[in-house]
**Q** 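Pasting a structure here, questions to come.
Residue numbering restarts at 1 for every chain, and letters A, B, ... go by the order of the sequence lines.
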There are 2 protein chains.
Amino acid sequence: MELDETDRAILRILQEDARTPFSEVARRIDMSSATVHDRVSRLEDEGVIRGYHADIDPKSVGYGVGAFVGLRVEQGREEDALERLRGIDGVREIHLTTGEWDVILRVVAADTDRLRELMFERIAETEGFSRSQTMVILGTDYEQPGPPL
Amino acid sequence: MELDETDRAILRILQEDARTPFSEVARRIDMSSATVHDRVSRLEDEGVIRGYHADIDPKSVGYGVGAFVGLRVEQGREEDALERLRGIDGVREIHLTTGEWDVILRVVAADTDRLRELMFERIAETEGFSRSQTMVILGTDYEQPGPPL
DNA sequence: TTTGAAATTGGCCAGAC
DNA sequence: GTCTGGCCAATTTCAAA
């Protein structure tokens, strides 16, 4: 799908603040709000906009610790192992990667004790993984939502 | 800040779809929309809700490749080095971590050629890093927005 | 244009003290 | 009895479709 500069301007505004009223989007890009409405519908239908999410501070809801977890997966057990990981509450993202690890998880936990439980009782117990390493996030220096536009 | 079950229900709905009208949120949690409005304002003011973002498909806007990049930082140059990383377009997240790396970046690029440029011309050239490793994301198996609620 | 949502106002009610 | 906080109804202003 081809995106023109108007589409990109709309995406930029909604990536920054997804609750911006279409009427204000229209004002800012100097178009009618009917046009904005049509274009947003099209961008949603085409899968360019996948959804809209409130950005919730994990600490405020009781998740004080985050980590990346690198895993090596045993040949032939990938799908089964991944399926079990998806069912673990603190596991928020599962990426298949090249390099030192086959899989990189992003996890959250209430505190370091709970992170240890997650790692040693839930993830390490999951069969199909041969090795793992946890990289606890001490702080996030910079974070942009989504791709550059 | 204390969150009750009503707050969590509101957060769950807006994390799932940030554009849900307050009137519908109200219907679903069986409260008035004025109450929903009050609570959402409070959650925003307290920093529980940090914002609302459209979730844009990176491929659709020309970013076909993502990667995690692990870096070792030389003592005493952290702040300076991080500052320069923040200025690089494809760098979307910068996390300070324990473990094998001091810093883990999340980056996006148009294609593998551009990723190579990013790595070898922009990041490796940045002074203050002694070692790096790139883990290209072959696919994302699972992804949940934000923490469990 | 009509239909509905956002945002504000004022007031009600319950529990704290 | 008053204060506080949470909730609702009504209104008006504005957006969605």
Side-chain angles (χ1 to χ4, degrees), chain A residues 1-64 110 143-149, chain B residues 1-61 143-149:
Chain A
M1 179 193 186
E2 277 307 291
L3 302 181
D4 64 15
E5 196 37 54
T6 300
D7 291 322
R8 286 177 182 272
I10 293 170
L11 293 176
R12 234 175 273 125
I13 293 168
L14 295 179
Q15 184 175 77
E16 174 78 22
D17 180 1
R19 288 190 71 98
T20 310
F22 293 171
S23 57
E24 194 196 326
V25 175
R27 241 171 271 138
R28 287 171 40 191
I29 65 173
D30 202 37
M31 297 221 158
S32 80
S33 55
T35 302
V36 172
H37 185 270
D38 289 352
R39 283 182 180 251
V40 170
S41 300
R42 206 190 72 235
L43 292 164
E44 288 171 352
D45 292 347
E46 302 275 348
V48 179
I49 297 174
R50 296 189 290 204
Y52 306 92
H53 305 290
D55 174 9
I56 311 287
D57 173 39
K59 282 206 180 64
S60 299
V61 294
Y63 290 92
E143 192 162 24
Q144 290 299 121
L149 289 171
Chain B
M1 181 195 187
E2 279 305 293
L3 301 181
D4 63 16
E5 196 37 54
T6 300
D7 291 322
R8 286 175 182 273
I10 293 170
L11 293 176
R12 235 175 272 126
I13 292 168
L14 295 179
Q15 184 175 80
E16 174 78 22
D17 180 2
R19 289 189 71 98
T20 310
F22 293 171
S23 57
E24 193 195 326
V25 176
R27 238 172 276 135
R28 287 170 42 189
I29 67 172
D30 203 37
M31 296 221 162
S32 78
S33 56
T35 300
V36 172
H37 186 271
D38 289 351
R39 282 180 180 253
V40 170
S41 300
R42 205 190 74 233
L43 292 164
E44 289 170 352
D45 293 347
E46 303 273 348
V48 179
I49 297 175
R50 296 189 291 204
Y52 307 92
H53 305 290
D55 174 8
I56 312 288
D57 173 38
K59 282 205 179 63
S60 299
V61 294
E143 191 162 25
Q144 289 300 121
L149 289 171

**Q** Are any side-chain N or O atoms of R19(A) and backbone N or O atoms of T20(B), one a donor and one an acceptor, separated by less than 3.5 Å?
**A**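 Such a contact is found between R19(A) side chain and T20(B) backbone.
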
**Q** So for atom CG, which belongs to D45(B), do other residues, nucleotides or ligands contribute more than 12 heavy atoms lying within a distance under 6.0 Å?
**A**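 Enclosed.
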
**Q** Find the distance between OG (S60(A)) and CG (D7(B)) and round it off to the nearest 0.5 Å.
**A**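 Separation between the atoms: 11.0 Å.
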
**Q** Each nucleotide in nucleotides 6-17 of chain D should get exactly one letter: B, S or -. Can you fill that in based on protein heavy atoms under 4.0 Å?
**A** SBBB-----SSS

**Q** Do E16(B) and R12(B) sit within salt-bridge range, that is, some charged N less than 4.0 Å from a carboxylate O?
**A**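 Salt bridge: no.
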
**Q** Any idea which heavy atoms bring P58(A) and R50(B) closest together, and the distance?
**A**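 In terms of heavy atoms, the two residues are closest at CD-NH2, 3.6 Å.
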
